[in-house]
Protein chains: 2
Amino acid sequence: MQDKITKLFKAIADPTRRDIFHALVIASSTLSISQISNQFEMTRQGITKHIKTLEEAGLVSLESKGRERFCNVHTQPLQEVNKWLKFYEQFWGDSMQDLGNYLDSKNS
Amino acid sequence: MQDKITKLFKAIADPTRRDIFHALVIASSTLSISQISNQFEMTRQGITKHIKTLEEAGLVSLESKGRERFCNVHTQPLQEVNKWLKFYEQFWGDSMQDLGNYLDSKNS
DNA sequence: AAAATACGCAACCAAAAAGTTGCTTATTCG
DNA sequence: CGAATAAGCAACTTTTTGGTTGCGTATTTT
């Protein structure tokens, strides 16, 4: 389909998914599908779809317990986004000047 | 339409747009629409569309000179993404343990 | 002035994404 | 056991996205 990093970027590009992800991170325990969807206007099935794309991005994993499914959240994949950002970080401030610095350091 | 940060996330979620953005950042001078689209398989009009969404995310701005339009690139908006990431950075490593630390620091 | 270049804009198209409804299955509770 | 709960799956609709073609216009170039 598409590469890992794009899946990751797309997963967090949706506001609902960012909200779900955030809810999972700050929750004091793992949450079930229903527990999550109760926090949103959307139908459970809609939430399930979002969770699936979060899962495919590696940001959550699912664990069945009885009739319920609990979501484990994983923040580690975000390090890839951070890595991507890192490169451009050197250009914050005045782009052109910093670009000069970057090129100089490459040539030395 | 949608909030600023979502526009930004969506802008960088597309691989072609990330490529355009990257090309602009590492270019030694500003590039025109044609100069950019020559580097891609896609039609000029397709590229123009992508540039427009980059523009709406604040990542580029356009400047007309004669019959050409040059793209100025801006990395600063990415700081917003970095800010978003920062919060989750404390959970990298072992999520649950770090979450404990986070909650503890809130209560002290 | 004619030809070529750089571009915008609108219409269109296909595929993907976002979200819904309806139905089935499995588990738990009384 | 029967009712209620948790959830999966498939089909379907709507909207968004990614990309194209076609055409008009302004600016250069020759």
Side-chain angles (χ1 to χ4, degrees), chain A residues 1-24 27 29-73, chain B residues 1-24 27 29-73:
Chain A
M1 187 235 204
Q2 43 188 15
D3 58 284
K4 194 98 182 135
I5 189 80
T6 299
K7 270 192 198 167
L8 188 53
F9 274 119
K10 289 207 169 170
I12 60 175
D14 183 89
T16 307
R17 276 187 305 258
R18 283 199 306 278
D19 286 348
I20 294 174
F21 180 70
H22 191 259
L24 285 169
S29 62
T30 60
L31 302 174
S32 69
I33 304 276
S34 291
Q35 284 176 325
I36 296 167
S37 51
N38 286 340
Q39 300 183 34
F40 295 85
E41 300 289 281
M42 210 177 302
T43 59
R44 175 182 53 83
Q45 288 89 336
I47 295 293
T48 299
K49 276 199 180 184
H50 280 305
I51 291 177
K52 187 163 194 177
T53 85
L54 286 171
E55 190 190 11
E56 284 169 357
L59 292 169
V60 314
S61 61
L62 294 162
E63 205 171 339
S64 294
K65 265 177 200 161
R67 64 181 161 180
E68 289 170 290
R69 291 184 86 203
F70 292 91
C71 297
N72 298 110
V73 70
Chain B
M1 187 232 201
Q2 45 188 13
D3 58 286
K4 194 100 182 131
I5 189 80
T6 300
K7 271 191 199 167
L8 187 54
F9 273 119
K10 289 205 170 173
I12 60 175
D14 183 89
T16 308
R17 279 190 301 261
R18 284 199 305 278
D19 287 347
I20 294 173
F21 180 72
H22 191 260
L24 285 170
S29 61
T30 60
L31 302 174
S32 69
I33 304 275
S34 291
Q35 283 176 327
I36 295 166
S37 52
N38 285 341
Q39 300 184 32
F40 295 85
E41 300 289 281
M42 209 178 302
T43 60
R44 175 182 52 84
Q45 289 87 337
I47 295 294
T48 300
K49 276 199 180 184
H50 281 305
I51 290 176
K52 187 163 195 174
T53 85
L54 287 171
E55 190 190 10
E56 283 169 356
L59 292 169
V60 314
S61 61
L62 294 163
E63 207 171 337
S64 294
K65 266 177 200 163
R67 65 181 161 182
E68 289 171 290
R69 291 184 84 203
F70 292 91
C71 297
N72 299 111
V73 70

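Just so we're on the same page: letters track the sequence lines, and every chain starts at 1.
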Proximity to the side chain of [X] - top-ranked nucleotide from [options]:
{"X": "A/I33", "options": "C/dA18, D/dG19, D/dA7", "result": "D/dA7"}
{"X": "A/M42", "options": "C/dC7, C/dT20, D/dG18", "result": "C/dT20"}
{"X": "B/D14", "options": "D/dG19, C/dT20, D/dG18", "result": "D/dG18"}

Give one of base, sugar-phosphate or nothing for [X], where a contact means two heavy atoms less than 4.0 Å apart.
{"X": "A/G66", "value": "sugar-phosphate"}
{"X": "B/K10", "value": "sugar-phosphate"}
{"X": "A/T48", "value": "sugar-phosphate"}
{"X": "A/S32", "value": "sugar-phosphate"}
{"X": "B/S64", "value": "nothing"}

Next on the checklist: B/I5 vs A/R18, test: side chain to side chain contact (heavy atoms under 4.5 Å, CB included). Steps then yes/no.
Outcome noted: CA-CA 11 Å; B/I5 189 80; A/R18 283 199 306 278; 3.7 Å; yes

Measure from [atom1] on [X] to [atom2] on [N] and round the result to the nearest Å.
{"X": "B/L54", "N": "D/dT17", "atom1": "CG", "atom2": "C1'", "result": "14 Å"}
{"X": "A/E55", "N": "D/dG8", "atom1": "CD", "atom2": "P", "result": "10 Å"}
{"X": "B/E41", "N": "D/dG18", "atom1": "CD", "atom2": "C1'", "result": "15 Å"}
{"X": "A/K65", "N": "D/dA7", "atom1": "NZ", "atom2": "P", "result": "13 Å"}
{"X": "B/F9", "N": "D/dT17", "atom1": "CZ", "atom2": "C1'", "result": "19 Å"}
{"X": "B/I51", "N": "D/dG18", "atom1": "CD1", "atom2": "P", "result": "14 Å"}
{"X": "A/F40", "N": "C/dA18", "atom1": "CZ", "atom2": "C1'", "result": "15 Å"}
{"X": "B/E68", "N": "D/dT27", "atom1": "CD", "atom2": "P", "result": "13 Å"}

Item to check | From A/E41 atom CD to A/I47 atom CD1, the distance as rounded to the nearest 0.5 Å | outcome: 10.0 Å

Can you check whether [X] has a side-chain N or O nearer than 4.0 Å to OP1 or OP2 of [N]?
{"X": "A/H50", "N": "C/dA17", "value": "no"}
{"X": "B/T43", "N": "D/dG19", "value": "no"}
{"X": "A/R17", "N": "C/dA17", "value": "no"}
{"X": "B/S34", "N": "C/dT5", "value": "no"}

Checklist outcome for this item: By nearest-heavy-atom nucleotide on DNA chain C, the more 5' of A/R44 and A/I47 is A/I47

Checklist entry - Within the side chain of A/R69, is there an N or O that forms a donor-acceptor pair under 3.5 Å with the backbone of A/S32? => result no

Item to check | Candidates B/T53, B/V60, B/L59 - the one meeting side-chain contact (heavy atoms from CB on, under 4.5 Å) with B/R17 | outcome: B/T53

Next on the checklist: Out of the candidates A/N72, A/L54, A/V73, only one should pair with A/S61 under the side-chain contact (heavy atoms from CB on, under 4.5 Å) rule; please name it.
Outcome noted: A/N72

Item to check | Base D/dG8 to side chain A/R67, donor-acceptor N/O within 3.5 Å cut-off | outcome: no

Item to check | Side chain A/Q45 and base C/dG22 donor-acceptor under 3.5 Å | outcome: yes

Checklist outcome for this item: Shortest non-hydrogen pair, A/K7 vs A/A57, comes out as O-CB, 4.0 Å

